[in-house]
Amino acid sequence: MSTSPSRPPLRFEPARPAPGRRKVLAFLLGTLIWLAAGVLAVVLLGQSFILRHLLLAVLVSWCVFGIALAFGSASRRREEGKAP
């Protein structure tokens, strides 16, 4: 068995980072698309008890995720502001 030479680690670096507004717009648009798909599923499959509860669970999880994301972003900005 031959030993291959070690390769340098590959890293992805975008040509230019996406602006903050574009990130927020993409996040909100993705959320709206998933929400529309959930509502469409409830409408097409009938308003069954389980589908309404699943849709509610998804909405609650998005809210919790959004709050956690906001706190995480604020914390990161605060930490980056402390750096010399």
Side-chain angles (χ1 to χ4, degrees):
M1 291 195 180
S2 65
T3 310
S4 63
S6 62
R7 299 182 191 178
L10 297 176
R11 289 183 44 136
F12 172 75
E13 294 183 21
R16 59 186 169 106
R21 288 183 183 177
R22 185 173 287 182
K23 289 179 192 177
V24 170
L25 180 65
F27 180 77
L28 292 176
L29 185 61
T31 302
L32 288 176
I33 290 171
W34 276 102
L35 182 62
V39 169
L40 186 64
V42 170
V43 169
L44 293 178
L45 298 175
Q47 295 188 3
S48 69
F49 178 75
I50 188 69
L51 286 176
R52 284 185 290 191
H53 278 87
L54 286 173
L55 189 57
L56 179 64
V58 167
L59 290 174
V60 169
S61 70
W62 281 342
C63 289
V64 170
F65 171 72
I67 292 168
L69 183 64
F71 280 123
S73 295
S75 175
R76 180 176 176 184
R77 279 192 218 111
R78 197 169 36 250
E79 288 296 319
E80 287 176 349
K82 288 181 182 178

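The stretch residues 54-75 participates, sequence neighbours left out, in no side-chain hydrogen bond (donor to acceptor under 3.5 Å, both in side chains) pair at all.
In terms of the salt bridge (charged side-chain N to carboxylate O under 4.0 Å, His left out) criterion, residue partners of R76 (sequence neighbours excluded) are, by chain and number, E80.
Following chains of ILVMFWY side-chain contacts shorter than 4.5 Å, one can reach L69 starting from V24, so the two form part of one hydrophobic cluster.
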If you look only at distance, which donor and acceptor atoms sit under 3.5 Å apart when one is on a side chain in residues 31-40 and the other is two or more places apart or in another chain?
unit_1, atom_1, unit_2, atom_2, d
T31, OG1, F27, O, 2.9

